[in-house]
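Start at 1 and go down the list; that is how both ligands and their atoms are numbered. The structure displayed is predicted, hence computed values, not measured ones.
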Amino acid sequence: MIYFRSDYSQGAHPEILDALVKSNDVHTDGYGLDPLSDEAREIIKEHIGRPDADIHMMIGGTSTNVTTIAAALRPYEAVVAPLTGHIYVHECGAVERSGHKVIALPTEDGKLTPAHIDDAWLLFEDDHTVVPRMLYISNTTEIGTVYSKAELVALREACDKHNMYLYMDGARLGAALTAPGNDLTMKDIASLVDAFYIGGTKNGAMIGEVAILLNEEIADHYRWMIKQNCAMLAKGRLVGVQFTKLLEGGDNSLFYEIGRHMNLMARKLKEGIEAAGYGFSGQSVTNQIFPILPKSLIEKLKENFFFYEWAPYDEDNAVIRLVTGFGTTEAEVNAFIAALR
Ligand SMILES: Cc1ncc(COP(=O)(O)O)c(C=O)c1O
């Protein structure tokens with residue numbers, strides 16, 4: 001069975017595993033208050049150009065989203081997200097459980113624009129409604145598209161106009177920042193958003209994400225919020241070691257090498273599928289692609305390949321999702337294309 005199911009279906013990139021093994025015998029304090037996590041913090045601060053950033057070792061995406069959103073918002077405040085957004089569709093109502101409404105708005109391509117913010121404020125405007133106070137975006141989006149610098153600048157301006165926080169979910173930031181045509185850098189992001197996280201789990205790490213808070217209001221008592229949201233990892237050092245390995249070397253680091261590899265493998269898959277005469281749903285430029293295939297063919301492919309059956313398309317066809325990971329090989333890509341043909 002060949003896996004195109006997700007970018008977290010293998011263990012960890014060998015260099016990360018090696019770094020974990022090398023740090024194995026060292027004794028440290030727990031909960032991310034240790035020299036190994038501090039080393040990662042320094043590397044990240046340097047790379048994002050923000051020595052003032054407040055940086056936390058986190059266990060996963062959902063808990064980082066819930067903790068950050070709950071840390072930012074007062075009880076009557078809400079977060080605006082795309083209808084396809086992970087916090088709206090795939091987090092089992094975890095944000096709502098923290099007491100904050102998710103205002104989900106339809107988009108053309110998974111991306112929010114300043115017009116969406118205006119729409120949210122038209123819907124919610126007085127003391128009988130919640131107040132849209134935060135904008136949630138993810139880069140890549142849930143459907144593989146990426147934000148340009150101009151789009152992020154426009155969102156920042158729109159958020160400022162409405163006194164809103166801008167939060168970026170970076171579960172797949174490595175794939176986003178290495179996508180063809182991308183013009184955003186980690187430094188740009190850190191200068192434009194109030195908070196974001198860098199995803200490790202989907203970018204070669206065994207486990208973990210790093211939350212980066214750039215606004216003192218969100219950073220206030222954030223560790224208390226992490227603990228109360230059951231998101232504090234006793235062995236926070238494991239995330240620290242992995243992020244040091246991922247980001248040491250900055251623009252030339254393993255983090256970007258893995259992103260580029262995943263995108264390249266997805267591009268090759270896409271070209272092979274296109275050449276075989278099939279089309280796609282959406283305009284993904286990253287490591288998740290969404291081919292539209294005949295249902296009978298999907299059943300045959302399932303015998304040897306494991307992937308997500310994403311959405312119905314029409315009577316005869318359906319959309320599947322193929323995702324490449326740090327360990328995806330060209331031989332696996334070629335095997336899929338050969339089977340398709
Ligand atoms: C954009 C995005 N955010 C958050 C998550 C949630 O991460 P986790 O499964 O670690 O909670 C995912 C996972 O699929 C994701 O794609």
Side-chain angles (χ1 to χ4, degrees), residues 3-12 56-70 79-98 100 102 104 107 109-112 134-147 152 166-179 184 189 193 195-212 226 229-233 236 238-239 242-243 246 258-259 262-263 266 282 284-290 306-311 321-326:
Y3 276 63
F4 290 110
R5 174 76 169 179
S6 72
D7 30 21
Y8 46 87
S9 56
Q10 286 183 290
H56 300 268
M57 307 299 130
M58 307 296 287
I59 44 180
T62 303
S63 52
T64 305
N65 287 336
V66 172
T67 304
T68 307
I69 292 166
V79 54
V80 179
L83 201 57
T84 47
H86 203 269
I87 58 167
Y88 185 62
V89 185
H90 285 127
E91 296 188 2
C92 199
V95 170
E96 287 95 337
R97 186 172 184 267
S98 75
H100 301 287
V102 179
T107 65
D109 53 4
K111 294 196 266 183
L112 290 176
M134 180 182 248
L135 195 71
Y136 164 94
I137 58 173
S138 69
N139 201 26
T140 71
T141 66
E142 210 54 24
I143 50 177
T145 49
V146 301
Y147 284 87
L152 198 61
L166 178 55
Y167 170 51
M168 181 187 284
D169 174 337
R172 293 197 171 89
L173 197 53
L177 298 185
T178 54
L184 259 184
I189 294 170
V193 305
F196 71 112
Y197 80 84
I198 307 176
T201 308
K202 297 179 175 67
N203 207 84
M206 179 171 285
I207 178 177
E209 336 288 326
V210 165
I212 301 177
I226 299 178
N229 283 288
C230 313
M232 195 175 280
L233 182 63
L238 298 179
V239 179
Q242 294 178 90
F243 271 87
L246 275 170
I258 291 172
M262 297 192 299
N263 287 341
S284 170
V285 288
T286 54
N287 69 323
Q288 307 180 79
I289 56 171
F290 302 87
F306 189 47
F307 50 81
Y308 207 115
E309 291 176 74
W310 191 251
R321 183 184 78 161
L322 301 174
V323 191
T324 52
F326 72 85

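Between F4 and F307, a ring centre-to-centre spacing not shorter than 6.0 Å is recorded.
Listed for the E209 side chain is no donor-acceptor partner under 3.5 Å among the backbone atoms of A171. Although no hydrogens or angles enter the test, the distance criterion places a donor-acceptor pair under 3.5 Å between the side chain of Q242 and the main chain of M206. For the pair Y147 (side chain) and L112 (backbone), a donor-acceptor distance under 3.5 Å is present. Listed for the T67 side chain is no donor-acceptor partner under 3.5 Å among the backbone atoms of T64.
Only side-chain heavy atoms of K202 come within less than 4.0 Å of ligand 1; its backbone N, CA, C and O stay farther off.
Counting protein heavy atoms only, atom 16 (O) of ligand 1 is closest to R172 NH1, 3.2 Å.
Taking only non-hydrogen atoms, the option from G170, A231, G61, G199 nearest to atom 8 (P) of ligand 1 is G61.
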### Task
Evaluate the criterion side-chain contact (heavy atoms from CB on, under 4.5 Å) for residue pair N65 and D169; output intermediate values, then yes/no.
CA-CA 7 Å; N65 287 336; D169 174 337; 3.0 Å; yes

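Listed by atom number, the atoms of ligand 1 under 4.0 Å from E91 heavy atoms are 4 (C). Listed by number with element, the atoms of ligand 1 under 4.0 Å from a non-hydrogen atom of G60 are 10 (O). Atoms of ligand 1 lying under 4.0 Å from at least one heavy atom of E142, given by number and element, are 1 (C). Interface atoms of ligand 1 facing Y197, defined by a heavy-atom separation under 4.0 Å, are 3 (N), 4 (C).
Between N263 and T178, the side chains place a donor N or O and an acceptor N or O closer than 3.5 Å (distance only, hydrogens not considered).
Inclusion of T62 in the set of residues having an N or O under 3.5 Å from an N or O of ligand 1 is warranted. Residue contacts with ligand 1: H86 is placed with a nitrogen or oxygen under 3.5 Å of a nitrogen or oxygen of the ligand (distance criterion only). Inclusion of S138 in the set of residues having an N or O under 3.5 Å from an N or O of ligand 1 is not warranted. Considering backbone and side-chain atoms together, D169 places an N or O closer than 3.5 Å to an N or O of ligand 1. The N/O atoms of A171, backbone and side chain alike, include none that comes under 3.5 Å of an N/O atom in ligand 1.
Partner of R172 under the side-chain hydrogen bond (donor to acceptor under 3.5 Å, both in side chains) criterion, chosen from T140, D7, T286: D7.
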